[in-house]
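Shown next, in structure tokens, is the structure this report addresses.
Predicted model, so just to flag it, every value in this text is computed and none were measured.
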Amino acid sequence: MNTILDRYVAIAGIDWADKKHDICLLDRTMTKPSYFVIQHKPEAIDSWVQDFQHRYPGERIAICIELSKDPIISALLNYDFIDIYEGQPGFLIMFS
């Protein structure tokens with residue numbers, strides 16, 4: 001059966017807030033998602049994305065976020081290895 005993890009090395013759901021972002025992450029090596037928080041600061045977002053790039057060189061990553069107009073989306077659009085989908089970040093529960 002094909003899943004989103006056949007197209008992407010990792011998928012992340014982001015629940016946006018004005019001071020922080022709650023993130024749910026699932027990659028091909030995980031059996032259950034991991035959860036963590038990053039601050040709503042350009043350097044924190046960049047550090048998180050750079051970690052992706054180092055951990056998964058040359059791979060594509062899918063990110064689901066609930067809003068179509070959001071400051072974090074503007075930041076994520078700077079990275080060509082990330083595909084952004086609008087929707088409910090809780091969709092990752094389907095993969096756990």
Side-chain angles (χ1 to χ4, degrees):
M1 178 165 100
N2 290 337
T3 69
I4 195 167
L5 288 174
D6 293 328
R7 292 186 308 177
Y8 297 101
V9 69
I11 52 176
I14 300 176
D15 187 13
W16 182 87
D18 62 343
K19 296 185 182 193
K20 66 176 179 70
H21 304 290
D22 295 309
I23 298 175
C24 176
L25 174 70
L26 182 66
D27 74 20
R28 290 179 188 156
T29 67
M30 300 169 139
T31 57
K32 293 190 179 212
S34 63
Y35 303 91
F36 53 95
V37 175
I38 61 171
Q39 295 301 308
H40 179 65
K41 296 179 180 177
E43 59 274 6
I45 296 166
D46 184 63
S47 176
W48 177 66
V49 172
Q50 294 299 324
D51 180 52
F52 265 134
Q53 209 166 28
H54 292 292
R55 198 173 349 164
Y56 311 110
E59 298 279 357
R60 297 204 62 74
I61 296 160
I63 295 179
C64 181
I65 192 162
E66 59 188 326
L67 303 172
S68 61
K69 294 180 181 175
D70 180 311
I72 193 170
I73 291 175
S74 297
L76 294 172
L77 287 172
N78 292 315
Y79 303 95
D80 62 356
F81 64 96
I82 293 176
D83 294 332
I84 301 171
Y85 295 92
E86 182 181 3
Q88 293 298 318
F91 83 102
L92 285 178
I93 293 169
M94 298 182 317
F95 299 100
S96 57

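With C24 as the partner, the side-chain contact (heavy atoms from CB on, under 4.5 Å) test is satisfied by one option alone out of C64, P33, S34: P33.
The closest side-chain heavy-atom distance from I45 to Q39 is not below 4.5 Å. With a 4.5 Å cut-off on side-chain heavy atoms, Y35 and L25 do not count as touching. R28 is listed as a side-chain neighbour of E59, based on a closest heavy-atom distance under 4.5 Å. No side-chain heavy atom of D22 sits under 4.5 Å from any side-chain heavy atom of I14.
Taken from CG in D51 to CG in D46, the straight-line distance is 11.0 Å, to the nearest 0.5 Å. Here the CG-CD1 distance, from L76 to I65, works out to 6.5 Å after rounding to the nearest 0.5 Å.
Of the possible polar contacts, none joining the R60 side chain to the A10 backbone as a donor-acceptor pair under 3.5 Å is found.
Using a 3.5 Å distance cut-off with no hydrogens or angles, the side chains of D83 and Y8 do pair a donor with an acceptor.
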Q: Give the C-alpha distance, both sets of side-chain angles, the deciding distance and a yes or no for side-chain contact (heavy atoms from CB on, under 4.5 Å) between F81 and V49.
A: CA-CA 10 Å; F81 64 96; V49 172; 3.6 Å; yes
Q: Test F36 against W48 for side-chain contact (heavy atoms from CB on, under 4.5 Å), laying out the working first.
A: CA-CA 11 Å; F36 53 95; W48 177 66; 3.2 Å; yes
